[in-house]
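First comes the structure, then the notes that go with it.
The figures that follow rest on heavy atoms only: side chains count, while hydrogens, waters and symmetry mates do not. To find a chain, count down the sequence lines: A is the first, B the second, and so on, and within it residues start at 1. Note that this is a predicted model, so its numbers are computed, not measured.
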2 protein chains.
Amino acid sequence: MSLEHYFIIDSTLREGEQFVNAFFTPEQKVEIAQMLDAFGVEYIEVTTPLASPQSEKDCRMLARLGLRAKVLTHVRCNLEDAKRAVDTGVQGVDLVIGTSSKLRQFSHHLTIDEIIDRAQEVLAFLSTQGVEMRFSTEDSLRSDPQDLFRIYEAVDQMGVHRVGIADTIGIGTPHQIYALVSALRQRIRADIEFHGHNDTGCAIANAYAALEAGATHVDTSVLGIGERNGITPLGGLIARLYGTSPQLVAKYNLPLLVHLDRRVAEIVGVDIPFNNYITGFAAFTHKAGIHAKAVLNDPSTYEVLRPEDFGLTRYIHVAHRLTGWNAIR
Amino acid sequence: MSLEHYFIIDSTLREGEQFVNAFFTPEQKVEIAQMLDAFGVEYIEVTTPLASPQSEKDCRMLARLGLRAKVLTHVRCNLEDAKRAVDTGVQGVDLVIGTSSKLRQFSHHLTIDEIIDRAQEVLAFLSTQGVEMRFSTEDSLRSDPQDLFRIYEAVDQMGVHRVGIADTIGIGTPHQIYALVSALRQRIRADIEFHGHNDTGCAIANAYAALEAGATHVDTSVLGIGERNGITPLGGLIARLYGTSPQLVAKYNLPLLVHLDRRVAEIVGVDIPFNNYITGFAAFTHKAGIHAKAVLNDPSTYEVLRPEDFGLTRYIHVAHRLTGWNAIR
Ligand SMILES: O=C(O)CCC(=O)C(=O)O
Ligand SMILES: O=C(O)CCC(=O)C(=O)O
Ligand SMILES: [Cu+2]
Ligand SMILES: [Cu+2]
């Protein structure tokens, strides 16, 4: 278990930029990065400088903001991309390459041996550049585990700091993630990162299972925004870890979460889901008579998250609907 | 695993009525019950007749609608409630009693032995009434497992058809649920139901873990509505099972899901979350250039759920934002 020693890589400014509604201005990127930094995430991942000249400028700017969080950029695993990444001044480079047969066929036609050669070439370069190096396989869950282990062992020998497992299509279950991360944990020395999409509703549970199995880093985004319905939401991961023990998230500035969720929702033009973790309007409402009565007496009867720890308030339905609601601290 | 042989108990008309914004009229209850029935859920759980005279009338009416789904009502485990439940003509009675020390102290002050006596008395009555009998413990995850097993074994001997495990405060993890259900599966003959709240983001994964461990029934509600941020959403459970194999959900009328989500959202006055499973507006959008290109070529490269199976359409970002989006079937 690395529950006591884990790191959040927030990817709102990379995966989140792939959300259908997200088109961040440079000013918005700075604002989001600063809020994430104030919240306390340890890493901020930003879009590759190869996406566009503007992305390159923004990446440079974010890398030089002087945040406490390390700024990473996310590029394809090839020398040209890696050089462009380093050139922006980021503190770390996240390499990714597709390893499932579907993505290999579609995107690069490389064999596993060729992937390993490519990775070694790029890591050899990065090792001389004083940046944190991560190597990840896209669509890991549909890749052959034996292929994955060969690749990860090879990059581990190259001194990579971290390897990533990506559930790109959101198909994994907690059992599968636990098994894969545990097996990998036995084989390599590097840290292990998990990136999980939420198409089938397991992104939070999968990230948690990865940590239980020895992963050290989890990718999140604010409200979970990303391709399709997104990835592990920052607030949802916080809720899960807090549910296990509030101590696990004591290192973060929890009352900032609601401001992050609200601001990012506003920027990308969505409403915070009514049932969002912690910050949805329903999160701290108690309606049934027996619940309301019990919570008035002792909130922990029906509450695992204490709203006051997040700068929020609970609402207890005290009577008939016409009487309305009471906010109770 | 009971993945190949499981049943959905939809509780939109019971747990869902405990959602802060839900105040269903009798007509709305009929409409929701009929839509759920057409979708194909095997059970529909409705609010106890003891809640109010109107609830009693509605329960009677729903029990006599002639649905294919069995109609259940949900009452406290005592003789008076059980009699009132049977009297409405429902096909099954779901009994519940708090077993964690927190809820025992707060709500009924019974010892475990007294709970067993009470359960036996009520089940002895129900056995003569020709209804399906279920016995569940509230706040099971904070209850002593040894207490739970004693209680479940006692009700199993009384011939209860089904026992329920309830993660009332949404604190359980897939590992914990798997372990608890597996242990219970070894000890009793009755079917096992799982009811899980979503405060810490694991309600779908927990329901799935319960099925992997031998549970046979899962509680859902449309959009997950319920106390606080709710329970396992019907659409989210469907997405998870479909992600494992579309065959697992072939028994349901999948294109009705979007109508259920939309109609219930409208009735309770919320928007479908932008990132909702299957029916959120972002669910089938593909934005990053490489994703868009790959999906145009073969959707399965970046899609685990086929929108057409749900009567929906995918959207692929074909160019610059000003060019807009193309709907591609
Ligand atoms: O680099 C990674 O680990 C993840 C890339 C990505 O967004 C994905 O595969 O979903
Ligand atoms: O009867 C049950 O199993 C569940 C009752 C309930 O809604 C809960 O405990 O959250
Ligand atoms: Cu991703
Ligand atoms: Cu409940």
Query raised in the report: What part of A:Ile238 gets closer than 4.5 Å to chain B, counting heavy atoms only: side chain, backbone, both or neither?
Result: neither
Query - Polar side-chain atom of A:Lys287 near backbone of B:Arg228 as donor-acceptor pair, under 3.5 Å - result: no
Query - Residue, of A:Gly289, A:Gly201, A:Ala239, A:Ser100, that accumulates the most heavy atom pairs under 4.5 Å with chain B - result: A:Gly201
Report task. With a 4.5 angstrom heavy-atom cut-off, could you sort out which part of A:Ile171 is near chain B: side chain, backbone, both or neither? Result -> both
Requested in this report: Tell me, for A:Thr301 versus chain B, whether the close heavy atoms (under 4.5 Å) come from the side chain, the backbone, both or neither.
Outcome: both
Query raised in the report: Out of curiosity, B:Gln176 CD to A:Thr244 OG1, how far, rounded to the nearest 0.5 Å?
Result: 7.0 Å
Report summary line: Turns out that what part of B:Phe106 lies under 4.5 Å from chain A's heavy atoms comes down to side chain
Query raised in the report: CZ of B:Arg104: more than 12 outside heavy atoms within 6.0 angstrom?
Result: yes
Query raised in the report: Between B:Leu103 and A:Tyr302, does a side-chain contact (heavy atoms from CB on, under 4.5 Å) hold up when you go through it step by step?
Result: CA-CA 9 Å; B:Leu103 290 190; A:Tyr302 287 104; 3.8 Å; yes
Report task. Would you check if the side chain of A:Glu227 reaches a backbone N or O of B:His291 as a donor-acceptor pair within less than 3.5 Å? Result -> no
Requested in this report: Go through A:Ala294, A:Gly172, A:Gly235, A:Gly236 and name the one with the most non-hydrogen pairs under 4.5 angstrom from chain B.
Outcome: A:Ala294
Requested in this report: Pick one of side chain, backbone, both or neither for B:Tyr242, based on which atoms fall under 4.5 Å of a heavy atom in chain A.
Outcome: neither
Report task. Look up atom OG in B:Ser107 and atom CG in A:Asn297, then write down how far apart they are to the nearest 0.5 Å. Result -> 11.0 Å
Query raised in the report: Side chain, backbone, both or neither: which part of A:Thr232 has an atom under 4.5 Å from a heavy atom of chain B?
Result: neither
Query raised in the report: What part of B:Leu223 gets closer than 4.5 Å to chain A, counting heavy atoms only: side chain, backbone, both or neither?
Result: both
Query raised in the report: Can you tell me if A:Asn275 uses its side chain to pair, donor with acceptor, with the backbone of B:Asn229 under 3.5 Å?
Result: no
Report summary line: So OH of B:Tyr208 and OG1 of A:Thr200: to nearest 0.5 Å the spacing works out to 8.5 Å
Query raised in the report: Do B:Asn21 and A:Phe281 come within less than 4.5 Å of each other through their side chains, counting heavy atoms only?
Result: yes
Report task. Could you check whether the rings of B:His175 and A:His175 sit parallel, tilted or perpendicular, using 30° and 60° as the cut-offs? Result -> parallel
Query - Selection from A:Asp298, A:Asn198, A:Asp271 maximising heavy-atom pairs under 4.5 Å formed with chain B - result: A:Asn198
Report task. Sort out for me which of A:Arg142, A:His197, A:Gln105, A:Glu17 touches chain B most, counting heavy-atom pairs under 4.5 Å. Result -> A:Arg142
**Report entry** Portion of A:Leu305 that has a non-hydrogen atom of chain B nearer than 4.5 angstrom
**Finding:** side chain
**Report entry** Distance (rounded to the nearest 0.5 Å) between B:Glu303 CD and A:Asp199 CG
**Finding:** 8.5 Å
Query raised in the report: Would a 4.5 Å heavy-atom cut-off, applied to side chains only, mark B:Val20 and A:Phe274 as touching?
Result: no
